[in-house]
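In this chain, numbering begins with 1 at the start of the sequence shown.
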Amino acid sequence: MTIPEKIMEHAIEVCQQGIAAGNSPFGAAIATPDGELIHAAHNVVRQTCDITAHAEINCLRGACEKLGKIDLSGLIMATTCEPCPMCAAAIHWANLETVYYGATIEDADTAGFNELHLSCQSLYEQGKSNVKVVTDILRPQCADLFRQWQQGPHPNPY
């Protein structure tokens, strides 16, 4: 198993914890390139009534707090779904080296989420960002999180 897959497993696990708590099916984890986990978080938009409380944003907040800095240069993120434009911008501003994702914007849209159909890769290219994007990391497992969420007690997208 590769380091990105190991980090993605943390994101999947925290996402499943979020689903069990009635939150939307998104998880993220930040780690060093050699796989040392810094922080993992899930989406809490409905729980906190905060539309910006996406998994990636919560993960960035937690990592910054833990490390005591806002520059996360050299670190990597695995996220269960392709970052939305808000999250992609925050990842850029945090100076993460690479973002790995599993499920796609289309997967989220199919599950009922109101997604902007702008890939994070396109956003980074247009904005001349240095963040590298790697797709399809454990995609079947990540896409299955939407099914798990739909079978739970609170399958209401925001």
| request: Carefully, step by step, assess M8 and C142 under the rule side chain to side chain contact (heavy atoms under 4.5 Å, CB included). | output: CA-CA 9 Å; M8 185 64 80; C142 291; 3.7 Å; yes
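- Note: L75 CG to L67 CG = 6.5 Å, rounded to the nearest 0.5 Å.
- To the nearest 0.5 Å, the span separating OH on Y100 from OG1 on T79 amounts to 13.5 Å.
- Considering only heavy atoms from C-beta on, F113 comes within 4.5 Å of P25 through its side chain.
- Side-chain N or O atoms of E5 include one that pairs as donor or acceptor with a backbone N or O of T2 at under 3.5 Å.
- Inter-residue side-chain proximity for Y124 and I91 is flagged as met; some heavy-atom pair is nearer than 4.5 Å.
- With a 4.5 Å cut-off on side-chain heavy atoms, T52 and R61 count as touching.
- A heavy-atom distance below 4.5 Å is not found between the side chains of E97 and S73.
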| request: Given side chain to side chain donor-acceptor pair (under 3.5 Å), test D107 with T104 step by step and report yes or no. | output: CA-CA 5 Å; D107 294 325; T104 64; 3.2 Å; yes
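- Scanning both residues, L145 and Q16, for their nearest heavy atoms gives CD2-CG, 3.7 Å.
- Within a 6.0 Å sphere centred on CG of N130, heavy atoms belonging to other residues, nucleotides or ligands number 12 at most.
- Side chain of T48 to backbone of V44: a donor-acceptor contact under 3.5 angstrom is found.
- Across every non-hydrogen atom of C59 and H39, the tightest pair is SG-O, 3.3 Å.
- A pairwise comparison of heavy atoms in T32 and I38 identifies CG2-CD1, 4.1 Å as the closest pair.
- No side-chain donor from either of N23 and N43 sits under 3.5 Å from a side-chain acceptor of the other.
- Put simply, the side chain of E56 does not reach to within 4.5 Å of the side chain of M86, judged on heavy atoms.
- Connection of F146 to I12 is established within a shared hydrophobic cluster, with ILVMFWY side chains joined at heavy-atom distances below 4.5 Å, either directly or through further cluster members.
- Using a 4.5 Å heavy-atom threshold, the side chains of V133 and Y101 count as touching.
- The two residues P4 and A78 make their nearest non-hydrogen contact at O-CB, 4.4 Å.
- Taking the side chain as every heavy atom from C-beta outward, V99 and K132 never approach each other to under 4.5 Å.
- Note on I137 and F26: same hydrophobic cluster, where clusters join Ile, Leu, Val, Met, Phe, Trp and Tyr whose side-chain heavy atoms are under 4.5 Å apart, directly or indirectly.
- At most 12 non-hydrogen atoms from other residues, nucleotides or ligands lie less than 6.0 angstrom from CD1 of I70.
- Contact between C81 and A108 at its shortest, heavy atoms only, is SG-CB, 4.0 Å.
- Between I76 and I7, the closest side-chain pair of non-hydrogen atoms falls below 4.5 Å.
- Under a hydrophobic-cluster definition in which Ile, Leu, Val, Met, Phe, Trp and Tyr are linked whenever side-chain heavy atoms come within less than 4.5 Å, directly or via other members, L138 and W149 are assigned to the same cluster.
- Here C120 contributes atom SG and I105 contributes atom CD1; the two are 7.0 Å apart, rounded to the nearest 0.5 Å.
- Taking CG of D144 as the reference point, atom CZ of R139 lies at 12.5 Å (rounded to 0.5 Å).
- M77 pairs with exactly one of L72, T98, L96, V131 by the side-chain contact (heavy atoms from CB on, under 4.5 Å) rule, that one being L96.
- Scanning both residues, A53 and N58, for their nearest heavy atoms gives O-ND2, 3.0 Å.
- The distance from the SG atom of C15 to the CD atom of E9 is 13.5 Å, given to the nearest 0.5 Å.
- Under a cut-off of 6.0 angstrom, the local environment of CD in E125 is crowded, with over 12 non-hydrogen atoms contributed by other residues, nucleotides or ligands.
- L123 contributes atom CG, which lies 11.0 Å from atom SG of C87 (distance to the nearest 0.5 angstrom).
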